Number of protein chains: 2
Amino acid sequence: MGSTTKIRDVARLAGVSTATVSRAIHHPAVVTKETRAKVDRAVRQTGYAGNAMARNLRRMETRMIVVLVPNIGNIFFSELLSGIETTAADNGYSILIGDTTSDPGRARVFADYVRGAQADGMILLDGKPPYFAAPASGLDGQAAAANQPPVVVLSERLPGYDFPTVCIDNVAAARGATAYLIGQGHRAIAHITGPLENILTAERRRGYRAALHAAGLPRPPGYEVTGDFSIRSGRLAMAGLLAMARRPTAIFCSNDEMAIGAITAIRAAGLSVPGDISVIGFDDIQFAGCYDPPITTVRQPRRLIGATGMALMADILAHKTVAGGDRVLPTELILRASSGKVSAAP
Amino acid sequence: MGSTTKIRDVARLAGVSTATVSRAIHHPAVVTKETRAKVDRAVRQTGYAGNAMARNLRRMETRMIVVLVPNIGNIFFSELLSGIETTAADNGYSILIGDTTSDPGRARVFADYVRGAQADGMILLDGKPPYFAAPASGLDGQAAAANQPPVVVLSERLPGYDFPTVCIDNVAAARGATAYLIGQGHRAIAHITGPLENILTAERRRGYRAALHAAGLPRPPGYEVTGDFSIRSGRLAMAGLLAMARRPTAIFCSNDEMAIGAITAIRAAGLSVPGDISVIGFDDIQFAGCYDPPITTVRQPRRLIGATGMALMADILAHKTVAGGDRVLPTELILRASSGKVSAAP
DNA sequence: ACAGGTCATGTAAAGCGTTACATTCGGCGT
DNA sequence: ACGCCGAATGTAACGCTTTACATGACCTGT
């Protein structure tokens, strides 16, 4: 009982060869019932646990998937992760989470995990291409992809790369949300965006603009304010909007946290939601429905996105087929109390 | 450029042995500047990335830590994870997250990761002992521990086991919160607990009871209601309390989500917080301060707990010393608008 | 100029389990 | 009764890297 038990020890105790022990454990069907019993007993007696490093090396797989996420602490991603984890487990995979908030350099470390066969594939939630991938360029895209580890992109599209992707139609969803506000009679609708370099941000803004344009509404300067998806940034952005000469009557926020921040700021200014100003969020995080007032928002099927993405990854790893094409999952505008008809013009 | 580049290919290209390549990469100091340059060039040319499985096997370590968490989707844990991740990265480790919500059987799978050397250590956030560990029993505890993979327990204590632990003093914190309510003149204070089998729940309840006892207050039947840490359970529990003949004037909730649920229920009944009923939560999750009203709560240093725990783990792995003793981190009662002086008795 | 020492590099042996291939045994068909 | 076939097990190579030890070259001090 000195150090760990090795397969040899089990074999000796069971009176069989190491090959038989391995078979009894991994392919029980090919050994006799008696042999299996002997091995099982020896395994229990020794507390043998195999050695994953050796097994991985031999099998040339780790059944581990790297998931690159901008911020685990963010509830939006943590629910997405939860969907990924569940499906991963169902397929015998585990997920290795890489948080890139604190240090963008971590992205490289985790990309190297896949390149170094520490993980079998990589799922990207941060909307940034892995450093080792070159943009798809027609013909040699296929050839180049052949030697690259499998990558699946979730939640945002990566323009210029042709990784399999699971996402929603951000443009349409944002357009729908804005159109709803217009339908409620709002004419002065502002937009609090995410960070500008963010693809998601750009898409949602595009949808917002498209809706205004379709309704023939102007886009007054200053009506698009940049936030960073945090509650605080929503509050600050809203404070700026409240100070404007022509104050908006409705705000479309690029996520729910900023909507919460916006509502806080509106109330701090002595105004009411939705009495004076309507607010719409995006994502439908759990707290959106429990806030006071409950927040109108665009629901994203987070768990489904995660599950679909992981299923896709498992499929690619199993069949080695890169099933192209984006999976676009549906969104839903959830109407709650934070939005309503425009009040009499101020 | 057929399959992946191996160290042999790099060695050939650089005109040195594989040993030298390995040294040039991992111990640059011991090779000549010229050799290093040759190797570097060959590495860049071939895009060599090493093979982690082989390296792990040889080094007998994976620099990976399993973290067992009850629910990644829960914001409390995701922030704890964030603290762990950051410190892990600083120490050259990565974390492998195991979610046990969906399937408690996963706990076994992940415990086997450590046993099978797929991971170097395990951090437990779910307050449940790993299946392979026997309760500490005096003398042989040390001996048994020697062959076990390192385990660190965070956030809750595991009575009967002597794993290194980073936690808060739940009893004292709960007592403090309850005592504060008593100080505000409340005499009818109810408690919404977590799941009963939960150690945390038991500790906080103990603190609650202790405070009542110290103040000579009775514990009316039905004043302790069991929840499950979800918003919904807080709402339901509160609905039950509101229906009681002698309605409480203050509620101490075992976490913030249940406090939010409680507030929702109180308002739905046409009462106000804190006008009619004061509510206190626990944890100080991000949303507690942004809720309307902002929630009085006990702040736990989540990131610090995670960081301290991971640092402890790194220390154990580096020095092989099992530094015993619990690290008890301080909590803080954050006074906000959801609680106040007792109103005129009903 | 030679012994002894240092430094850089090469050689080859682990590290542990899996699996292709070889072997043995028993049974069955003719 | 013999040969063939299939099933069960054993043998040994292999996966890729790291590192202890060996080797060789070069330098220094006497």
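Quick caveat: nothing in here was measured; it's all calculated off a predicted structure. Within every chain, numbering begins at 1; the chains are lettered A, B, ... in the order of the sequence lines, protein sequences first and strands thereafter.
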Can you tell me how far apart [atom1] ([X]) and [atom2] ([Y]) are? Round to the nearest 0.5 Å.
| X | Y | atom1 | atom2 | result |
| --- | --- | --- | --- | --- |
| A/I305 | A/I84 | CD1 | CD1 | 9.5 Å |
| B/L154 | B/L68 | CG | CG | 11.5 Å |
| A/L200 | A/D126 | CG | CG | 11.5 Å |
| A/I75 | A/L80 | CD1 | CG | 12.0 Å |

Polar atoms only, N or O, under 3.5 Å: list the protein pairs with nucleotides 23-25 of chain C and their distances.
none

(request) Name all pairs fulfilling the side-chain hydrogen bond (donor to acceptor under 3.5 Å, both in side chains) condition that reach into residues 8-18 of chain B, sequence neighbours left out, sorted by first residue then second. (result) B/S17-B/T20

(message) Can a donor-acceptor pair be found, under 3.5 Å and without considering hydrogens, that links the side chain of B/R63 to the backbone of B/N91?
(response) yes

(message) Within the 4.0 Å limit for protein heavy atoms, which parts of nucleotides 12-19 of chain C are touched? Write it as a string from 5' to 3', B for base, S for sugar-phosphate only, - for none.
(response) -BBBBBBB

(message) Counting the atoms with a prime plus P, OP1 and OP2 as sugar-phosphate, which does B/S17 contact under 4.0 Å by heavy atoms, base, sugar-phosphate, or nothing?
(response) base

Please report the closest heavy-atom contact between [X] and [Y], naming both atoms and the distance.
| X | Y | result |
| --- | --- | --- |
| A/V21 | A/A11 | CG2-CA, 3.6 Å |
| B/T86 | B/S82 | OG1-O, 2.9 Å |
| A/L317 | A/D120 | CD2-O, 3.5 Å |

(request) Walk along DNA chain D from 5' to 3' and tell me the first and last nucleotide with an atom closer than 4.0 Å to a non-hydrogen atom of chain B. (result) D/dC16 to D/dA20

(request) For residues 70-116 of chain A, pull every pair meeting ring pair (Phe, Tyr, Trp, His ring centres under 6.0 Å), keeping only residues two or more places apart or in separate chains. (result) A/F110-A/Y113

(message) Based on the rotation axes of five pairs at each end, what angle does the helix from C/dA1-D/dT30 to C/dT30-D/dA1 bend through, to 10°?
(response) 40°

